[in-house]
**Q** 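First the structure, which I've put down as structure tokens, then a few questions once you've had a look.
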Amino acid sequence: MAKNLVIVESPAKAKTIGGFLGSDFLVKSCFGHIRDLSKSDISVDVENNFQPKYEVSPDKKDIIKELTKLSKEAETVWLASDEDREGEAISWHLLEALNLNQDNTKRIVFHEITKPAILKAIDSPRKIDYNLVNAQQARRVLDRIVGYELSPVLWKKVKPSLSAGRVQSVAVRLLVERERDITAFSTSSSFRVVALLSFQHEGKSYTLKATLPRKIQTYEEAETFVNACNNANFTIIDVEKKPSRRTPSAPFTTSTLQQEASRKLGFSVSQTMVVAQKLYEAGRITYMRTDSVNLSDTAIQSAKNQINSAYGERYHKARQFTTKSKGAQEAHEAIRPTYMEQTPEKGDTQENRLYELIWKRTLASQMADAEIEKTVVKIAISGLEEQLEALGEVVIFDGFLKVYSESFDDAPEEEEVSNLLPPVAKGMRLELNELTATQKFSSPPPRYTEAALVKKLEELGIGRPSTYAPTISTIQKRNYVVKEEREGTPRNYKVITLKDSSVSDTEKTEITGHEKNKLFPTDIGTVVNDFLVENFEQIMDYNFTAKVEKEFDEIAEGLQEWTLMLKSFYQPFIKTVSKTLEESERATGARHLGVDPKTGKNIYVRIGRYGALAQIGENEDEEKKFSNLRQGQRLETISLEEAIDLFKLPRKLEMFEDKDINIGTGRFGPYIRHDSKFYSIPKDEDPLEITTERAIEIILAKRKADAEKVIKIFNETDPLIQVLNGRWGPYISKGKENFKIPKGTDPNSLNLTDVEAIIADDANKPKKMVGKAKAATAASKKTKSKKK
DNA sequence: CAGTGAGCGAGCTTCCGCTTGACTT
């Protein structure tokens, strides 16, 4: 039986610390918070000083039972939860829930998991800091009040099951407002001049790319400029060299790791956290939910050794970074490899790729600045005042760039700086190969990726490292936001080219506005946001969290009483809630688009029971017509013409084989229905334009494909086994399951034994969790919690 | 691979922040 029981939050941490302390210490984990407000109702007695009603969380019952038993047997209990507001509260909840004795309970803290840090902590225990605990209670209760008062308002005024909260609602607001900025953006264009110039040097020929620093506003002006360059002389009049330096970024926090993993590896924020968790559990990296850029002394030392032996001392520079982010609590270290000596492993797994990113970033943070020489070459054009410029950048000493270079969201579209300039000198005459003036359009502000939204939230001090990924999932789960790819649209641009002393003019096409893995607000997200902004401006203010955080800090310092803080928030807030419930209209996002030319009635769009709809006629009218909006159409941007088009379907064509042909649009897009069978209309065809002849063609083509679908049927089996021709070639179908045919096998030659062998072989392969299986797990969990 | 869109009223939904597994047939 151990004399000492140490309780930490994470089991992986418990294992490590257990190794540092002797056999007199038993180290266990409590798995984070162990008590919380009950989920079933608000569980805060607002009449009685905001007394919270805590209960042991259902999934923590067993661990509390075990910890209670162990604590009874121990001489001393050491509460070693994290050194921040939430951690302090966890210690206090443990004290209460385990019924610990104040006399033999000690509170210790450390923010790095090293043996000296732990031993030092054991040497200097303290008492629980009740001011800090109260700051956490204020945080918890305020979030509960906001969430559990606002959400029911939405159920009544917008739609059941919606949610609102201090963090999620502001996250959605950012997306809604960005979307409006994009819609309102009016693009302008200008012309960018690029010249390719060549010269001879010691018998070799070189090419230099130069640009006009100014952008030319109009087409006419650009044409004049290009013409003026025709037959002009180009001379280098200045070569200026400027030294510059680049400094490595700080080691990773949760937020910067999510951003870089998104940019460099294409991970979603939750994917990053799952992979990082695995690395952490395997002991390969430090804790992955942190807002600190701090590195322990041992980490700095081992990075130094690594750099010196691999690259030489010139590449090393010890650095300690300081956190700039708002509201950081710094209970942990930065995210870094546990052992810098463990160099990245070969193999293209997600874990190896993320580990390599962390390893390189950490190492680079302890490396020397990169020294860069920038060169600006100025080129005069005879007969013109303006000069061309060629920019070059040469890395004189690579320093940290040897291992790591950070990516940025707003990186320039085209590389305007060539790495290495050819050997140029003042006075050189250059030959013009080609000069172009290309029309460039200004771009609207970018849509957020998941990681960019995390970055923004962190800047505003909203949310915590442990909640960034869940918040992003929540707003998608509520369907306030969708992450998707959207196709761009073609756009023409002009190019004026000067070549071989002649000027020509061409029009080219580019695709603009193509988006991939970007967050888009939905109609319901927009309606909810507008409703909340109108009625609860205080909560929706981007500075709300920062303001209450300041008060939480005052509570933590003992300068303010937590229940008084809550009272001054609650009284006006609850008045606004009841006022909104009594006075505000249902929010439907209704817009009046105009008048239907056919009927003369008004056309509206709004949110209905099943999503966005268009409506002809008033709500009170007996005869009104409805239609769903199509995929990609939004309440806010749909035009009258588009809405009118919606009512042109379904339409009836002529009869074929004595049956009607109907054109409609369903969940999967436009379709042809004939004899109660469905035929989808190809993407590039307009369902309003489809003729009877074309419809019959599509029907016959589908029949033919279906007829050729079956290659073989084995009638003697149950369920039926077939070899079929599918969209991606031949495959085997057994009941509802499908199986691949191994490459190089002729599907016509397969007999029943072959096919059964393929099916049996597939069963031996490790099964991946796919969409349906996951959904099933989630559903069963839900049923379980409902029963309770 | 549709068409629903209103209202009655049962019972339900909901927050943020800590931490990881998961009753198996």
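Proteins come first, then strands; the chains are lettered A, B, ... in the order of their sequence lines, and each starts at number 1.
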**Q** Centroid distance below 5.5 Å plus an interplanar angle below 30 degrees: do Trp155(A) and dT14(B) meet both conditions?
**A** no

**Q** Could you tell me how the ring of Trp92(A) sits relative to the ring of Tyr130(A): parallel (under 30°), tilted (30 to 60°) or perpendicular (over 60°)?
**A** perpendicular

**Q** Using whole Å, what does the distance between atom P of nucleotide dT19(B) and atom CZ of Arg85(A) come to?
**A**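 After rounding, the gap between these two atoms is 14 Å.
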
**Q** Hey, is Phe31(A) stacking on dC18(B)? Ring centres under 5.5 Å, planes under 30°.
**A**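 According to the criterion (under 5.5 Å, under 30°), no, Phe31(A) does not stack.
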
**Q** When we call it a touch if two heavy atoms are under 4.0 Å apart, what does Arg35(A) touch: a base, just sugar-phosphate, or nothing?
**A**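 Counting heavy atoms under 4.0 Å across all strands, no contact is made by Arg35(A).
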
**Q** Looking at dG17(B), does its base get a donor-acceptor pair with the side chain of Asp143(A) below 3.5 Å?
**A** no

**Q** Could you tell me the separation between the CG atom of Leu457(A) and the C1' atom of dC16(B), rounded to a whole number of Å?
**A**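 Checked: the CG to C1' distance equals 13 Å.
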
**Q** Name the atoms and distances for all side-chain donor-acceptor pairs under 3.5 Å in residues 674-681 of chain A, with sequence neighbours left out.
**A**
from      : atom 1 : to        : atom 2 : distance (Å)
His674(A) : NE2    : Phe656(A) : O      : 2.8

**Q** Would you jot down, in residue-number order, the residues of residues 271-282 of chain A having a non-hydrogen atom under 4.0 Å from DNA chain B?
**A**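 Residues of residues 271-282 of chain A under 4.0 Å from DNA chain B: Gln277(A), Tyr280(A).
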
**Q** Between atom CG in Leu67(A) and atom P in dT19(B), what is the gap in whole Å?
**A**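 Nearest whole value for this atom pair: 16 Å.
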
**Q** Provide, to the nearest angstrom, the distance between the CD atom belonging to Glu620(A) and the C1' atom belonging to dA6(B).
**A**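 Checked: the CD to C1' distance equals 12 Å.
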
**Q** dC18(B) phosphate, OP1 or OP2: any side-chain N/O from Arg464(A) under 4.0 angstrom?
**A** yes

**Q** Are Tyr610(A) and dT4(B) stacked, counting the six-membered base ring, centres under 5.5 Å, planes under 30°?
**A**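 Taking the rule of under 5.5 Å and under 30°, the ring of Tyr610(A) does stack on dT4(B).
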
**Q** Please report the distance, rounded to the nearest Å, between CD in Gln137(A) and P in dC16(B).
**A**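 Checked: the CD to P distance equals 19 Å.
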
**Q** Taking side-chain contact (heavy atoms from CB on, under 4.5 Å) as the test, write out the residues that go with Ala138(A), two or more places apart.
**A**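 With neighbours one apart ignored, the set is Phe552(A), Ile555(A), Trp562(A), Met565(A).
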
**Q** Atom OH of Tyr287(A) and atom P of dG17(B): how far apart are they, to the nearest Å?
**A**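 Spelled out: OH on Tyr287(A) to P on dG17(B) is 14 Å.
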
**Q** Going by atom types only, do Thr254(A) and Thr290(A) share a side-chain donor-acceptor pair under 3.5 Å?
**A** no

**Q** Using whole Å, what does the distance between atom C1' of nucleotide dC18(B) and atom NE2 of His93(A) come to?
**A**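 Rounding to the nearest Å, NE2 of His93(A) and C1' of dC18(B) are 10 Å apart.
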
